[in-house]
2 protein chains.
Amino acid sequence: MTVYRNPIAQKLLEAFSQFHKLNWKQSPIVGLKSSEIMVLYSIKKRTPPESPGIKVSEISSALSVANPTITQLINALEANGYVERTMDQEDRRVVRVKLTGKGETTVDKATGAFFESFNGLVDYLGEEESNRLAEVLAKVYRYFSELKRDNP
Amino acid sequence: MTVYRNPIAQKLLEAFSQFHKLNWKQSPIVGLKSSEIMVLYSIKKRTPPESPGIKVSEISSALSVANPTITQLINALEANGYVERTMDQEDRRVVRVKLTGKGETTVDKATGAFFESFNGLVDYLGEEESNRLAEVLAKVYRYFSELKRDNP
DNA sequence: ATATAATATTTAGGTAGCCTAATAATTTAT
DNA sequence: ATAAATTATTAGGCTACCTAAATATTATAT
């Protein structure tokens with residue numbers, strides 16, 4: 001039986017498994033889901049002060065999810081006053097999304113806690129190891145993406 | 001604003017994000033969900049030839065999920081003839097689960113493809129880097145577990 | 001100028017993978 | 001012997017996604 005063949009592969013699999021179920025996106029501190037926080041964060045990150053807002057499709061590609069996923073998240077965020085939608089004047093198919101004041105302060109609070117824990121992680125691992133980890137993970141990502149591309 | 005403070009933390013966050021949505025458990029090759037394959041695999045791994053089967057609770061703790069999650073997966077797997085339930089004679093609260101013939105051949109096929117891709121990954125990264133990655137991921141896991149333990 | 005195609009978003013309705021609370025059956029502890 | 005604990009199950013819920021189809025609008029081709 002093929003099951004135990006490569007102990008390193010086995011070890012890696014187990015590490016992935018464990019890591020995968022780690023909830024590092026945590027902190028619904030502020031009553032928002034992680035996915036909502038990610039959306040707010042990616043709006044904030046890509047919206048300069050006087051911008052009319054970011055496109056829905058820009059958010060979804062930033063987060064690598066499908067458009068309808070973002071639409072739905074935005075629906076809830078708008079209903080709760082975290083973001084505003086406006087229609088783009090130049091191209092009226094596109095919707096511009098930006099943070100409200102409430103959205104701003106909320107995302108600051110949420111990402112504060114969030115980055116604090118990541119800063120702690122960098123301290124825990126050390127800067128060099130942290131960098132290396134980020135790079136190796138990117139490499140792993142590439143590997144599986146290629147694998148998927150090559151076998152349909 | 002606190003958002004961009006530590007570029008390493010930022011980089012790590014992005015790597016995690018990407019990695020997280022990687023579907024490395026892939027291969028519903030055989031018409032089973034990944035979670036079902038994981039269950040079959042963990043049964044196989046812990047069931048010696050003449051064993052009466054593994055307990056539901058052993059599976060759930062092996063996979064770190066709640067008991068009802070396993071019960072439900074087993075329901076489907078049993079309905080489709082991959083596993084059998086028998087009641088334990090010594091302790092009639094416990095249910096013993098084991099693979100049927102179909103379950104055996106199926107899990108072999110599924111884990112074959114699965115381990116092949118992991119062996120490929122080990123080749124891609126190199127053995128040393130692979131080992132290191134597994135260890136660092138375990139360390140990250142520890143960090144977040146402690147963090148969670150310390151702040152409720 | 002109009003029909004056609006492409007683009008952007010939304011609506012509707014899934015699915016996978018988990019969870020908790022409550023219940024039933026049985027075993028263990030007092 | 002009764003209370004408490006353990007094992008598994010049922011029921012129902014939640015998050016984070018997805019695809020297909022509908023709707024608007026804009027761009028292109030004839």
Side-chain angles (χ1 to χ4, degrees), chain A residues 16-18 20-28 31-43 52-79 83-97, chain B residues 16-28 30-43 52-80 83-97 148:
Chain A
F16 279 19
S17 225
Q18 222 184 21
H20 190 77
K21 88 183 30 130
L22 200 53
N23 189 9
W24 50 272
K25 289 186 179 176
Q26 64 212 123
S27 76
L32 289 171
K33 308 179 213 164
S34 309
S35 57
E36 293 173 335
I37 295 175
M38 295 312 267
V39 169
L40 293 181
Y41 176 63
S42 83
I43 296 170
I54 182 179
K55 299 203 250 174
V56 169
S57 53
E58 284 167 347
I59 304 173
S60 45
S61 84
L63 297 178
S64 327
V65 298
N67 276 343
T69 303
I70 299 302
T71 293
Q72 282 157 14
L73 288 167
I74 297 289
N75 286 346
L77 288 170
E78 190 182 33
V83 302
E84 270 167 10
R85 271 192 251 236
T86 51
M87 81 168 20
D88 187 300
Q89 294 310 344
E90 269 126 64
D91 184 340
R92 282 153 57 215
R93 290 168 301 184
V94 346
V95 166
R96 296 278 164 189
V97 184
Chain B
F16 279 19
S17 223
Q18 221 184 21
F19 181 71
H20 190 77
K21 78 183 42 126
L22 201 51
N23 189 7
W24 50 273
K25 290 186 179 177
Q26 64 211 119
S27 77
V30 268
L32 289 172
K33 306 179 214 167
S34 309
S35 56
E36 293 173 335
I37 295 175
M38 294 311 269
V39 168
L40 293 181
Y41 176 64
S42 82
I43 296 170
I54 182 178
K55 298 204 250 176
V56 169
S57 53
E58 284 167 346
I59 304 172
S60 45
S61 84
L63 297 178
S64 327
V65 298
N67 274 346
T69 302
I70 299 302
T71 294
Q72 282 157 13
L73 288 167
I74 296 289
N75 286 347
L77 288 170
E78 190 181 35
N80 291 295
V83 301
E84 271 167 10
R85 272 191 251 237
T86 51
M87 82 169 16
D88 187 298
Q89 294 310 345
E90 269 126 63
D91 184 340
R92 281 155 57 216
R93 290 169 303 182
V94 346
V95 166
R96 296 278 165 189
V97 184
K148 197 175 192 174

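In what follows, chains are A, B, ... by sequence order, proteins preceding strands, each numbered from 1.
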Pairs satisfying salt bridge (charged side-chain N to carboxylate O under 4.0 Å, His left out), at least one member in residues 52-69 of chain A, at least two apart: none

Nearest-0.5 Å distance, CD1 of residue B:Ile74 to CD of residue B:Glu36: 9.5 Å

Nearest-angstrom distance from the residue atom CD of B:Glu36 to C1' of C:dT15: 12 Å

Residues touching DNA chain C, which here means a heavy atom under 4.0 Å, drawn from residues 54-65 of chain A: A:Lys55, A:Val56, A:Ser57

CG-CE distance between A:Leu73 and A:Met38, expressed to the nearest 0.5 angstrom: 11.5 Å

Length of the line joining B:Ile70:CD1 and D:dT10:C1', which is rounded to integer Å: 16 Å

Closest to side chain of A:Thr71, choosing from D:dA8, C:dT9, D:dC17: C:dT9

B:Leu73 CG - D:dT10 P separation (whole Å): 13 Å

Rounded distance (Å) that lies between atom C1' of D:dT15 and atom CD1 of A:Ile37: 13 Å

Between P of D:dT6 and CG of B:Asp88, the distance in whole Å: 17 Å

Residue pairs involving residues 64-78 of chain B (criterion side chain to side chain donor-acceptor pair (under 3.5 Å); sequence neighbours excluded): B:Ser60-B:Asn67, B:Asn75-B:Arg85, B:Glu78-B:Arg85

Spacing between A:Ile74 atom CD1 and C:dT9 atom C1', to the nearest angstrom: 12 Å

From B:Leu22 atom CG to B:Ser17 atom OG, the distance as rounded to the nearest 0.5 Å: 12.0 Å

d(CD, A:Glu78; P, C:dT11) in whole Å: 10 Å

Those residues that, when tested against B:Asp88, pass side chain to side chain contact (heavy atoms under 4.5 Å, CB included) (two or more places apart): B:Glu90, B:Asp91, B:Val94, B:Arg96

Nucleotide C:dA16, atom C1' - distance to NE2 of A:His20 in whole Å: 11 Å

Distance test, side-chain N/O of B:Asn75 to OP1/OP2 of D:dA8, below 4.0 Å: no

Phosphate OP1/OP2 of C:dG17 contacted by B:Ser34 side-chain N/O (<4.0 Å): yes

Rounded distance (nearest 0.5 Å) linking atom OG of A:Ser42 with atom CD1 of A:Ile54: 5.5 Å

Sugar-phosphate, base or nothing in reach of A:Arg96, heavy atoms under 4.0 Å: nothing

Geometric class of the B:Phe19/A:Phe16 ring pair [parallel <30°, tilted 30-60°, perpendicular >60°]: perpendicular

OP1 or OP2 of C:dT9 under 4.0 Å from side-chain N/O of A:Arg85: no

Interatomic spacing from CD in B:Gln89 to CE in B:Met87 - rounded to 0.5 Å: 7.5 Å

Contact state string [nucleotides 20-29 of chain C, B base, S sugar-phosphate only, - no protein heavy atom under 4.0 Å]: BB---BBS--

